[in-house]
Visitor: 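My structure is below; once you've seen it, I'll send some questions.
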Amino acid sequence: MPTAVQVTKTGGPEVLEPAEVDVRAPEAGELLVDVAAAGVNYIDTYQRQGIYPMDVPFVLGLEGAGTVVEAGAESGFAPGDRVAWQGSIGSYAARKLVPASVAVKVPEGVSLETAAATMLQGMTAHYLVASTFEVKPGHDVLIHAAAGGVGLLLVQLAKARGARVIGTVSTEEKAKLAREAGADEVIRYDREDFAKITRDLTGGEGVDVVYDGVGKDTFDGSLASLKVRGLLALFGASSGPVPPVDPQRLNSGGSLYLTRPTSAHYTRTREEIDWRSKELFDAIQAGELTIRIGGKYPLADARQAHEDLQARRTTGKLLLIP
């Protein structure tokens, strides 16, 4: 069985190569972890393709969960601890060195697979609704790809904060999932003008915030869906990167705000990591947040996971199981 999935040259899913990779003993501030599950995310495909340049060879994967085998000095963890992390490259592996600075303990009652499925997309959803634009009761929110991994979490977290949630999806199956997660209105953006419908649903005003992880295909409509001084949080580009934008469009659209956030800037301190992960795990334990695992693949089948993700054949979270 392979011990990791390595990229030796950038390209399509076919460049993902199962490999035997040795892992050294942990140094101070590091944890050696037996990986129970690694999360698959769109950022992995950007790194694999070279859109986000990486030095090759490298092992993909920014998040996962597992059990500590050996803890380096001053790590604050001990062998046997159940931990999860995001923001540490090399998680598509059976065994991994994890910086203690990004690891969190997984509470009892939360499985390691659920924890692995929560970290990157959960932290993303949390910072988007709690920090990028602080959702409050009465806000109108538009969420693209509302049945995707981040989308389902955003719907639930925004509803819990009292927002009216409008979601866009591409199939009836995904529409059903978005409604079950709490979306008040669901639009088939593959066959309807979502910006027009969004304005109709808001009495012509537009929404307070659009959370857009789709990018090129939805960007123009996202700007057109905002109310005066509304905010577009462009946090991903599953349909491709957005071309350069003339800032004058923000003026003519109603003094709009545009931001391109990334998780690293919202998890800069131990306090932020602990705050976000605790709120997510507490909500899971209380039954207030459902983590949908849409697919589990053997580690060696990472290529298939990437193909399914990019073909939009999936809902919820994809995991690789060593």
Side-chain angles (χ1 to χ4, degrees), residues 1-24 26 30-69 82-100 102-104 106 111-124 148-150 236 238 262-264 267 291 293-311 313-314 316-322:
M1 295 292 289
T3 60
V5 175
Q6 198 170 51
V7 175
T8 58
K9 62 179 180 180
T10 57
E14 70 278 359
V15 305
L16 298 177
E17 300 178 1
E20 299 292 331
V21 177
D22 292 330
V23 184
R24 60 170 172 80
E30 293 181 328
L31 308 173
L32 181 62
V33 178
D34 271 342
V35 179
V40 179
N41 296 284
Y42 251 98
I43 190 172
D44 305 345
T45 71
Y46 304 154
Q47 292 172 339
R48 186 204 73 224
Q49 294 172 82
I51 295 172
Y52 292 177
M54 306 282 290
D55 293 331
V56 294
F58 66 95
V59 175
L60 266 179
L62 288 169
E63 77 176 334
T67 303
V68 175
V69 176
R82 300 161 72 247
V83 296
W85 62 89
Q86 65 93 25
S88 179
I89 193 73
S91 299
Y92 287 15
R95 183 167 281 195
K96 170 175 166 47
L97 285 171
V98 178
V102 301
V104 298
V106 178
S111 73
L112 288 176
E113 289 187 358
T114 296
T118 301
M119 291 302 292
L120 195 148
Q121 292 179 336
M123 298 282 250
T124 297
V150 178
S238 63
T262 191
S263 181
T267 53
I291 306 298
I293 297 174
K296 294 191 281 188
Y297 303 73
L299 184 63
D301 290 347
R303 172 178 175 172
Q304 186 64 55
H306 276 227
E307 290 175 350
D308 290 347
L309 180 66
Q310 291 193 276
R313 291 193 287 260
T314 67
K317 184 70 182 189
L318 303 186
L319 296 178
L320 296 179
I321 309 298

Visitor: Please find the pair of heavy atoms, one from Glu113 and one from Leu319, that lie closest to each other, and give the distance.
Guide: O-CD1, 3.6 Å
Visitor: My understanding is that only residues two or more places apart in sequence, or in another chain, count here; which of them pass side-chain hydrogen bond (donor to acceptor under 3.5 Å, both in side chains) with Thr67?
Guide: none
Visitor: Under 4.5 Å between any side-chain heavy atoms of Trp85 and Ser91, yes or no?
Guide: yes
Visitor: Holding to ring pair (Phe, Tyr, Trp, His ring centres under 6.0 Å), I want the full list of residues that pass it with Tyr52, two or more places apart in sequence or in another chain.
Guide: Tyr46
Visitor: Report yes or no: does Lys96 contribute a side-chain atom to a donor-acceptor pair with the main-chain N or O of Ile89 at less than 3.5 Å?
Guide: yes
Visitor: Enumerate, atom names and distances included, each donor-acceptor pair closer than 3.5 Å involving a side-chain atom of residues 35-45, sequence neighbours excluded.
Guide:
unit_1: Asn41; atom_1: OD1; unit_2: Lys317; atom_2: NZ; d: 2.6
unit_1: Asn41; atom_1: ND2; unit_2: Glu63; atom_2: OE2; d: 2.9
unit_1: Tyr42; atom_1: OH; unit_2: Leu309; atom_2: O; d: 3.1
unit_1: Asp44; atom_1: OD2; unit_2: Asn41; atom_2: N; d: 3.0
unit_1: Asp44; atom_1: OD2; unit_2: Tyr92; atom_2: OH; d: 2.6
unit_1: Thr45; atom_1: OG1; unit_2: Tyr42; atom_2: O; d: 2.6

Visitor: Ser111: which residues meet the side-chain hydrogen bond (donor to acceptor under 3.5 Å, both in side chains) condition with it, sequence neighbours left out?
Guide: Thr114
Visitor: How close do Pro322 and Ala94 get, counting heavy atoms only, and between which atoms?
Guide: CB-CA, 3.7 Å
Visitor: Could you tabulate the donor-acceptor pairs under 3.5 Å formed by side-chain atoms of residues 298-305, not counting sequence neighbours?
Guide:
unit_1: Arg303; atom_1: NE; unit_2: Glu307; atom_2: OE2; d: 3.1
unit_1: Gln304; atom_1: NE2; unit_2: Asp308; atom_2: OD1; d: 2.8

Visitor: Please answer whether the main-chain N or O of Thr124 pairs with a side-chain N or O of Ser263 as donor and acceptor at a distance below 3.5 Å.
Guide: no
Visitor: CZ/Arg48 to CG/Leu60 distance, rounded to the nearest 0.5 angstrom?
Guide: 8.0 Å
Visitor: For the residue pair Gly294 and Leu318, what are the closest heavy atoms and their distance?
Guide: C-CD2, 4.2 Å
Visitor: List the steps, then state whether side chain to side chain contact (heavy atoms under 4.5 Å, CB included) holds for Leu62 with Gln86.
Guide: CA-CA 5 Å; Leu62 288 169; Gln86 65 93 25; 5.9 Å; no
Visitor: Which value, rounded to the nearest 0.5 Å, describes the distance between Arg95 atom CZ and Leu32 atom CG?
Guide: 5.0 Å
Visitor: Hey, what do you get for NE2 (His306) to CG (Leu320), rounding to the nearest 0.5 Å?
Guide: 7.0 Å
Visitor: Without placing hydrogens or testing angles, list every side-chain donor-acceptor pair under 3.5 Å for residues 7-14, not counting sequence neighbours.
Guide:
unit_1: Thr8; atom_1: OG1; unit_2: Glu17; atom_2: OE2; d: 3.3
unit_1: Glu14; atom_1: OE2; unit_2: Gly12; atom_2: N; d: 3.4

